[in-house]
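So that the names make sense, note that chain A is the first sequence line, chain B the second, and so on, each numbered from 1.
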Amino acid sequence: MSRRRHRISRSGDFDAVYRKGTSSAGRHLVVYTFARGDDEPARLGLSVSRRVGGAVDRNRVKRVVREQFAALDPAPPDGIDVIVIARPSVMAYLQERGSEALGERLMELVGEATKNAAP
RNA sequence: CGUGCAGGCCUGGCGGCCGCGAGUCGGCAUGACCGGCUCGAGGAAAGUCCGGACACCACAGAGCAGAGUGCUGGCUAACGGCCAGCGAGGGAAACCUCAGGGAAAGUGCCACAGAAACGACACAGCCUCAGGAGCCUCGGUUCCUGCGGCAACGGUGAAAUGGUGCGGUAAGAGCGCACCGCGGGUCCUGGUGACAGGCCCGGCUGGGUAAACCCCACUUGGUGCAAGGCCAAACCGGAGCGUUACGGACUGCUCGUCCAGUUCCAGGUAGGCCGCAUGAGGGUCUCGGUAACGGGGCUCCCAGAUAGAUGGUCGCCCACGACAGAAUCCGGCUUAUGGCCUGCUGAAUCA
RNA sequence: UCCUCGGUAGCUCAGCGGCAGAGCAUCCGGCUGUUAACCGGAGGGUCGCAGGUUCGAAUCCUGCCCGGGGAG
């Protein structure tokens, strides 16, 4: 499977998710979701600002989030766009608790956001 | 042994499993697919402080101003970099540091203190002589005034008109001498040169600050790969200014050349390809050079992403390893940081 | 990717070679029955950091660190 195809790459798509989607915020991550309404696989977008850390730390955060997103169980439904925003405290959490703990937080937030969008 | 100094090197390795980017080969269910093989971050990729390559701006122009550099010789595509020297300063030493041209071209500044801070002259003061007054042991001594002589002495200060010693004198003074310092020379020797050593002259003719203005020498057009080029898509309405002018082509000025438009409002596109990785390239051998570096032979192809790829986990090696992630590409500088090796020093401390 | 501006008292800023200042805030005293206002006084600073030039640096020079703004 292609990772690239499952990413949000155009700024217009980002704007659509921010404007029309629903959000759910945690201490270290913020998740936006938006149902496009087609049957393509779910896509992921990432936003990691300089406040998180240097280039090495930011790459690590993006890598971990992508891995954990691909391993989500249950997997997010088709036709959905998900944007994950990293907050500045995420590096400290990652070093303290590890990538799997961050995956659990991600699953909670994604579930919450999709539930909010459903009704 | 520890300490200090200098130089060089590396940036965990091997194996298993899961996962990512690019290239290439193959498969068929031709796709935004699957499989095999190969390659896949750094010494600083960083800060963006210099220098180039490359691209466009006029054919990349001229002059001034502005800006930058500043011991000598060399290296380099170039540099504010590097190498080798010279001089000055620091250290016990190994060794380190230095924007290190010009102050008799001119201007400015030198607070406070101090007699005086740029011209030196005055002030304060010292001395001979003359006159007057007092004291008096009648030889002198003190004070005042005057004609002269002098520049040693001056509670300062970062800095005070060469320093120390001897002679000399009424008191003194490079006035004379010795040593040290300073300045000068169509001078001599060595060196490509900075400069060093010597000789002779001047007896001294006065400071500091140019990382103050400045003078001198040399360098210097601007913007930056989101440069720039091509393709596709969309909008292709209205108003004003101008049409020998203004405006634009780096900021200021002058000249010259070129461009035909340009400003505001409204509306619209912000997708793909090239640039984009074979280069002042790396490795190794050899020759020249003290070295930086250069010549030649052989050999290798070594990241090219575009919401942006290198990680996770397990085992072993004594060890989680430090700083940290390419975005047009090179040469440097600076800063952050873990470890290893080699050589040198002998102050203090320990033995 | 690149270009700019700034860092001085708790806050906002001035000072650009010679003992570091103003306003607001804080504290103390006065006024008032009390508070505010007002009056008088006091404390508070590695001038972002490190070198250098100078007799002397917040000021001049060089290199860093941390913020703010802008262009495409």
Side-chain angles (χ1 to χ4, degrees):
Chain A
M1 93 181 199
S2 164
R3 275 303 189 61
R4 297 252 176 250
R5 208 189 154 194
H6 299 162
R7 291 187 196 165
I8 304 170
S9 63
R10 300 176 59 162
S11 66
D13 293 342
F14 271 82
D15 289 344
V17 176
Y18 284 136
R19 208 165 42 244
K20 301 178 195 163
T22 58
S23 68
S24 179
R27 183 175 295 278
H28 311 293
L29 298 172
V30 179
V31 172
Y32 279 77
T33 61
F34 170 60
R36 295 193 310 280
D38 54 31
D39 52 359
E40 295 290 311
R43 298 193 301 180
L44 173 67
L46 289 169
S47 175
V48 183
S49 80
R50 291 188 86 88
R51 300 197 55 184
V52 173
V56 173
D57 291 341
R58 296 205 307 278
N59 277 345
R60 180 170 160 76
V61 168
K62 286 190 277 189
R63 200 182 298 130
V64 168
V65 171
R66 275 199 296 268
E67 274 171 15
Q68 296 300 321
F69 183 78
L72 279 184
D73 184 32
D78 286 352
I80 196 170
D81 278 351
V82 178
I83 293 179
V84 177
I85 300 169
R87 292 188 140 177
S89 61
V90 73
M91 263 320 287
Y93 185 78
L94 203 56
Q95 279 176 343
E96 243 173 75
R97 302 295 193 83
S99 54
E100 271 153 34
L102 194 69
E104 288 168 25
R105 302 286 87 71
L106 179 64
M107 191 160 71
E108 290 166 13
L109 291 169
V110 170
E112 206 176 309
T114 47
K115 198 188 295 175
N116 289 348

Inset, instruction - Name the orientation of the base relative to the sugar in B:A41: syn if the glycosidic angle is within 90° of 0, else anti. - result: syn
Inset, instruction - Kindly say if A:Arg66 contacts the phosphate of B:G21, meaning a side-chain N or O under 4.0 Å from OP1 or OP2. - result: no
Legend entry - Where A:Ser49 and A:Arg58 come nearest, the two heavy atoms and their spacing: O-CD, 3.1 Å
Legend entry - Gap in Å between the two C1' atoms, one belonging to B:U76 and one to C:G70, rounded: 38 Å
Inset, instruction - For nucleotides B:U306 and B:C225, find the distance between their C1' atoms and express it as a whole number of Å. - result: 14 Å
Inset, instruction - Answer syn or anti for B:C302, where the cut-off is 90° from 0 on the glycosidic torsion. - result: syn
Legend entry - N-glycosidic conformation, B:G102 - syn within 90 degrees of 0, else anti: anti
Legend entry - B:U30 and B:C314, which share atom name C1', separated by this distance in whole Å: 41 Å
Inset, instruction - Go ahead and name the base partner of B:G172; Watson-Crick or wobble counts if both distances stay under 3.5 Å, otherwise write none. - result: none
Inset, instruction - Determine which nucleotide pairs with B:A178, using a 3.5 Å limit on both distances of a Watson-Crick or G-U wobble pair. - result: B:U164
Inset, instruction - Side chain of A:Asn59 only, please: which of B:A41, B:G308, B:A324 is the nearest? - result: B:A41
Legend entry - Span that lies between the P atom of B:G70 and that of B:A159, in whole angstrom: 32 Å
Inset, instruction - From the options A:Val17, A:Asp81, A:Leu109, A:Val82, select the one residue that forms a side-chain contact (heavy atoms from CB on, under 4.5 Å) with A:Thr33. - result: A:Val82
Inset, instruction - State, with a plain yes or no, whether a side-chain heavy atom of A:Gln68 is found less than 4.5 Å away from one of A:Leu102. - result: no
Legend entry - Integer-rounded Å distance: B:G311 P and A:Lys62 NZ: 15 Å
Legend entry - Residue A:Glu108 excluded, over 12 heavy atoms near CD under 6.0 Å: yes
Legend entry - B:C274 to B:G304 separation - C1' atoms, rounded to the nearest Å: 15 Å
Legend entry - B:G35 - base-pair partner by Watson-Crick or wobble geometry, distances under 3.5 Å: B:C25
Legend entry - Pairing partner of B:U72 (Watson-Crick or G-U wobble, both distances under 3.5 Å): B:A84
Inset, instruction - Quickly work out the A:Arg58 CZ to B:A45 C1' distance and round it to whole Å. - result: 14 Å
Inset, instruction - Could you measure between the two P atoms, the one in B:C329 and the one in B:G102, and give it in whole Å? - result: 45 Å
Legend entry - 5′-ward residue of the pair A:Gly45/A:Asp57 relative to RNA chain B: A:Gly45
Inset, instruction - Determine whether A:Tyr32 and A:Ser47 make a side-chain contact, defined as any pair of heavy atoms from C-beta on separated by less than 4.5 Å. - result: no
Legend entry - Assigned partner base of B:C323, Watson-Crick or wobble definition, under 3.5 Å: B:G42
Inset, instruction - Using a heavy-atom cut-off of under 4.0 Å over every strand shown, decide if A:Arg60 touches base, sugar-phosphate, or nothing. - result: sugar-phosphate
Inset, instruction - State whether a side-chain donor-acceptor pair under 3.5 Å links A:Arg105 with A:Tyr93. - result: yes
Legend entry - Side-chain heavy-atom pair A:Val84, A:Phe69 within 4.5 angstrom cut-off: no
Inset, instruction - Pick the P atom in B:G206 and in B:G183, then give their distance to the nearest Å. - result: 13 Å
Inset, instruction - Take atom CD of A:Glu67 and atom P of B:G312, then tell me their distance rounded to the nearest Å. - result: 8 Å
Legend entry - A:Glu100 CD to B:C18 P, straight-line distance once rounded to whole Å: 18 Å
Legend entry - Stems formed with participation of RNA chain C [Watson-Crick or G-U wobble, under 3.5 Å, three or more pairs]: C:1-7 with C:65-71, C:10-13 with C:21-24, C:26-30 with C:38-42, C:48-52 with C:60-64
Legend entry - Nucleotide paired to B:C344 in any strand shown, Watson-Crick or G-U, under 3.5 Å: B:G4
Inset, instruction - With rounding to the nearest 0.5 Å, note down the distance linking NZ in A:Lys62 to CG in A:Leu46. - result: 7.5 Å
Inset, instruction - Find the distance A:Leu46:CG to B:G308:C1' and express it as a whole number of Å. - result: 11 Å
Inset, instruction - Between A:Leu44 and A:Ala55, just flag the one whose closest nucleotide in RNA chain B comes earlier from the 5' side. - result: A:Leu44
Inset, instruction - Ignoring hydrogens and angles, tell me if any N or O in the side chain of A:Arg87 forms a donor-acceptor pair with the backbone of A:Gly26 under 3.5 Å. - result: yes
Inset, instruction - With a 3.5 angstrom cut-off on both distances, give the Watson-Crick or G-U wobble partner of B:U141, or none if there isn't one. - result: B:G134
Legend entry - Integer-rounded Å distance: B:G325 P and A:Met91 CE: 12 Å
Inset, instruction - Provide the Watson-Crick or G-U wobble partner of B:A266, both distances under 3.5 Å; none if there is no partner. - result: none
Legend entry - Separation of the C1' atoms in B:G89 and B:G346, to the nearest angstrom: 24 Å
Inset, instruction - Identify the two heavy atoms, one from A:Val52 and one from A:Ala86, that lie closest to each other, and give their separation to 0.1 Å. - result: CG2-O, 3.9 Å
Legend entry - Nucleotide nearest A:Arg63 (side chain, heavy atoms from C-beta), chosen from B:A326, B:A324, B:U310: B:U310
